[in-house]
Structure formats: C-alpha cells, structure tokens
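Scroll down for the structure; my scribbles are underneath it.
The analysis underlying the following values was restricted to heavy atoms, covering all of them including side chains, and did not include hydrogens, waters or symmetry mates.
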Amino acid sequence: MLHRLSLYLSLARASNLPTVWTNAVAAWALVGASFQWGPLRWLSLAGSLLYAGGCTLNDAFDAKWDAERRPERPIPSGILSAREVWLVGLLELGLGLGLLAKFGFLALGSGLLVVLAILLYDWLHKKSPWAVLLMAWCRVQWVVTVGIAAGATHLGQSSISYGILLFGYIVLISVVARMESLNSTRAKPSLKTTLAHWFVLIAVLILGTRHNPEHWPATRIPFYAFIFFYQTALQMGLRTAPPNIGRFVGLALAGITLLDTVFACLAWSWSGLWLALMLPLCLLLQRRIAAT
C-alpha cells in the first residue's frame, strides 16, 4: 500500500504542490483580500487535487508513447494498469472541482476551464510544441479561479501583471522541459539561457514600476532572492556540459514560490514574506519525489 501511494505521489508530481499553494495565496492577496486560513486551506486542497489529477492523467494519455520510448514508466512496465491510472486521475479532478463548488458557481465554472486546459495539455503536449501555452493557461486560470473565489469582480493591474509574468515564466519552463521529455537532439541551451535572461529583465521592468511603492522595501527581499535563485538554476542546469535540463526545470519550478512571495509582499508588505518558506519545502520534497 505504501509503495502504491509512493507511485501515485510520483505520478502527481507532489513535490511541486507547494507552488500551487503559493499561487493561491498570491492571487488571493492581489485582489485585496486579507489572509484567511479557512478558505485558503480548501482552495489549496482543491488546486492540489487538480494538479495531481492533471499530472496523473498525463501518464494515462502518454501510455502508448511511453511503451515505445520509456518502458520503465508505471503503466508500460505493468506496475499500474492504464484503467486504474485513468480512474485515479479523473477522481482527483472531480474531487478538486467538488471543493471549488463551495465557493460558488463562478468559481466552479473557472475551475472547469482549468480542467479543460489540463485535459487539452495532456492530450496535445506530445503532439504540438504549442501545448506549452496550455500549460501556462492551466496556471493562470487557476489564479483567476482563486481570485473569483476571493470575491473579486474584476482583475486589478497587479493581478494582470502577475498573470502575465506567471504565464511567461511557465511557458519558459515548459519549453525547456519539452527538450528533456522529447530527448531533443536539436536543443540549444544557450538560446534558452538567453531567453531566460531576457525574461528576468522584463520581470525587473514590470516589478520595478508597481503602484505600491510603500511595499517595495518588503518586496525587494523575495525579488532579489528570486533573481539569485533563478540564476543559480541556470548555472546548475543549462550552463553545465552537458546541460542538466531536469535539474534546471525542478529548480525553476521551485522558484515559483519566490515569484509568488514577491506579489504577496506587493499586496501585504512584510506580512507576505512567510510565503518564501515554501521554497525549502519544495526543494526538500524534490529530494524524495521527482519534479519532472
């Protein structure tokens, strides 16, 4: 039973779940809501189930592809049946939507869009390079869902900037991760590194022109920490010979927690710094459960 649980935690990429939680807190903060443990707890659980369901179904959709190229994966190796993985993944998605229903019809509707994006990504990600946009849509639609659950009737400029930045960051990570999953011989890490540098520069531009200058002192701490951590990910992943794409992707995913901390501090000032504690948790979980 414990071995089976470990397998499903691995399929769910459970080491990345803290990034789903910090997404929720950042989105909640940016719509002007104060910290409330009760609803954020249920939203984080709902997001975790949606994320786990999407990752689990990823293996179900890829069963044929894995049988040809990665026979050691749980389904082609016979450790888990395709039917069981489909049932577990769909159950996780269903439970996640069920939890969102308690936040109202609009939140549930937005959650259904998250599920749509997840299923489209799982179906298309091995077929089209443009599927990276669907992965980013999953994340952005999730933060929109949280904003709706928090009672927001419209998205402010801070929320829009956060959504744009998060979308770009996920696209960048997904493009690099695709190099690993497809074992591409045409990968050019130097180009990806250049794109990453440009992304950080754009992030500096966006975050340096916020409309909450009184919160900037608190925001600077996670902001510079994010830049340092991302540069470390580049050094340890894409700038090695040969490039260690998996290491870069895992670290970059963990860096989402710092990005979320930046925006939480923009809304809550020093009260948002605690969110950075999710970074070491993410890295600790990655030592046990692979992030990719």
Original post:
Mind checking what makes side chain to side chain contact (heavy atoms under 4.5 Å, CB included) contact with Arg220, not counting sequence neighbours?
Top reply: Trp216, Pro217, Tyr224

Subject >> Ser161 side chain vs Gln157 backbone, donor-acceptor pair below 3.5 Å >> reply: yes

Original post:
Under 6.0 Å from the CZ atom of Phe228, do we count more than 12 heavy atoms belonging to anything else shown?
Top reply: no

Original post:
Can you find a heavy atom in the side chain of Pro74 that is under 4.5 Å from one in the side chain of Leu11?
Top reply: yes

Original post:
At what distance, to the nearest 0.5 angstrom, does CG of Leu266 lie from OG of Ser159?
Top reply: 10.5 Å

Original post:
Given the rule that I, L, V, M, F, W and Y join up when any side-chain heavy atoms are under 4.5 Å apart, are Leu91 and Val85 in one cluster?
Top reply: no

Original post:
Residues in side chain to side chain contact (heavy atoms under 4.5 Å, CB included) with Asp66, at least two apart?
Top reply: Asp59, Asp62, Arg70, Arg73, Pro76

Original post:
Is it the case that one hydrophobic cluster holds both Leu166 and Val176, taking links as side-chain heavy atoms less than 4.5 Å apart, direct or via other members?
Top reply: yes

**OP:** Quick one: pull up OG1 in Thr22 and CE in Met278 and give me the separation to the nearest 0.5 Å.
**Re:** 8.5 Å

Original post:
Which pair of non-hydrogen atoms, one from Ala218 and one from Leu273, has the smallest distance, and what is that distance?
Top reply: O-CD2, 4.1 Å

**OP:** Indicate yes or no: at least one non-hydrogen side-chain atom of Leu57 is less than 4.5 angstrom from one of Leu93.
**Re:** yes

Original post:
Do Val114 and Ile118 have side-chain heavy atoms sitting under 4.5 Å apart?
Top reply: yes

Original post:
Do the side chains of Leu87 and Leu95 join up, straight or via other hydrophobic residues, at under 4.5 Å, putting them in one cluster?
Top reply: no

**OP:** Of all the heavy-atom pairs spanning Thr145 and Ser110, show the shortest one and how long it is.
**Re:** OG1-OG, 2.6 Å

Please tabulate, for side-chain N and O atoms in residues 41-50, each donor-acceptor pair with protein atoms closer than 3.5 Å (sequence neighbours left out).
residue: Ser44; atom: OG; partner: Leu40; partner atom: O; Å: 2.9
residue: Ser48; atom: OG; partner: Trp21; partner atom: NE1; Å: 2.7
residue: Ser48; atom: OG; partner: Ser44; partner atom: O; Å: 2.7

Original post:
Got a second to check how far Phe105's CZ is from Leu112's CG, nearest 0.5 Å?
Top reply: 8.5 Å

**OP:** Taking the side chain as every heavy atom from C-beta outward, state whether Ile256 and Leu253 have any atom pair closer than 4.5 Å.
**Re:** yes

Original post:
Which heavy atom of Met236 sits nearest a heavy atom of Asn244, and at what distance?
Top reply: O-CB, 4.1 Å

Subject >> Side-chain touch Trp268/Val25, heavy atoms, less than 4.5 angstrom >> reply: yes

**OP:** Compare every heavy atom of Ser15 with every heavy atom of Ile289, then report the nearest pair and how far apart it is.
**Re:** O-OG, 3.1 Å

Subject >> Nearest non-hydrogen partners of Ala264 and Ala29, listed with the distance >> reply: CA-CB, 4.4 Å

Original post:
Atom OH of Tyr169 and atom CZ of Phe226: how far apart are they, to the nearest 0.5 Å?
Top reply: 4.5 Å

Original post:
What's the spacing between Arg239 CZ and Gln231 CD if we round to 0.5 Å?
Top reply: 5.5 Å

Subject >> Any donor-acceptor pair under 3.5 Å from Thr261 side chain to Ala276 backbone >> reply: yes

Subject >> Asn58 and Tyr121: side chain donor to acceptor below 3.5 Å >> reply: no

**OP:** Could you tell me whether Arg288 atom CZ has more than 12 heavy atoms of other residues or ligands within 6.0 Å of it?
**Re:** no

**OP:** Apply salt bridge (Lys or Arg N to Asp or Glu O under 4.0 Å) to Arg4 and list each qualifying residue two or more places apart in sequence or on a separate chain.
**Re:** Glu84

Original post:
How are the rings of Phe263 and Tyr162 set relative to one another: parallel (under 30°), tilted (30 to 60°) or perpendicular (over 60°)?
Top reply: tilted

Subject >> Residues which pass side chain to side chain contact (heavy atoms under 4.5 Å, CB included) with Ala254, listed by chain and number, not counting sequence neighbours >> reply: Phe229, Leu279, Cys282, Leu283, Gln286

Original post:
Do the side chain of Trp28 and the main chain of Ser34 share a donor and acceptor less than 3.5 angstrom apart?
Top reply: yes

Subject >> Path from Leu5 to Leu7 over hydrophobic side-chain contacts below 4.5 Å >> reply: no

Original post:
Does the side chain of Tyr51 come within less than 4.5 Å of Asn23's, by heavy atoms?
Top reply: no

Original post:
Cluster question for you: counting only ILVMFWY and a side-chain heavy-atom cut-off of under 4.5 Å, with indirect links fine, are Val31 and Ile148 together?
Top reply: no

**OP:** State, yes or no, whether a side-chain contact exists between Val171 and Leu133 at a heavy-atom distance under 4.5 Å.
**Re:** yes

Subject >> Pairs involving residues 96-108, ordered by first then second residue, that meet side-chain hydrogen bond (donor to acceptor under 3.5 Å, both in side chains) (sequence neighbours left out) >> reply: none

Subject >> Separation of Arg13 CZ from Cys55 SG (nearest 0.5 Å) >> reply: 6.0 Å

**OP:** Taking all non-hydrogen atoms of both residues into account, name the closest pair between Val146 and Ala24 and its distance.
**Re:** CG1-O, 3.3 Å

Subject >> Validation row: Leu234, Phe248 side chains within 4.5 angstrom (heavy atoms) >> reply: yes

Subject >> Step-by-step side chain to side chain contact (heavy atoms under 4.5 Å, CB included) determination, Tyr230 to Leu251 >> reply: CA-CA 8 Å; Tyr230 192 79; Leu251 291 174; over 6 Å; no

**OP:** Give the C-alpha distance, both sets of side-chain angles, the deciding distance and a yes or no for side chain to side chain contact (heavy atoms under 4.5 Å, CB included) between Thr19 and Arg139.
**Re:** CA-CA 10 Å; Thr19 68; Arg139 286 276 184 171; 2.9 Å; yes

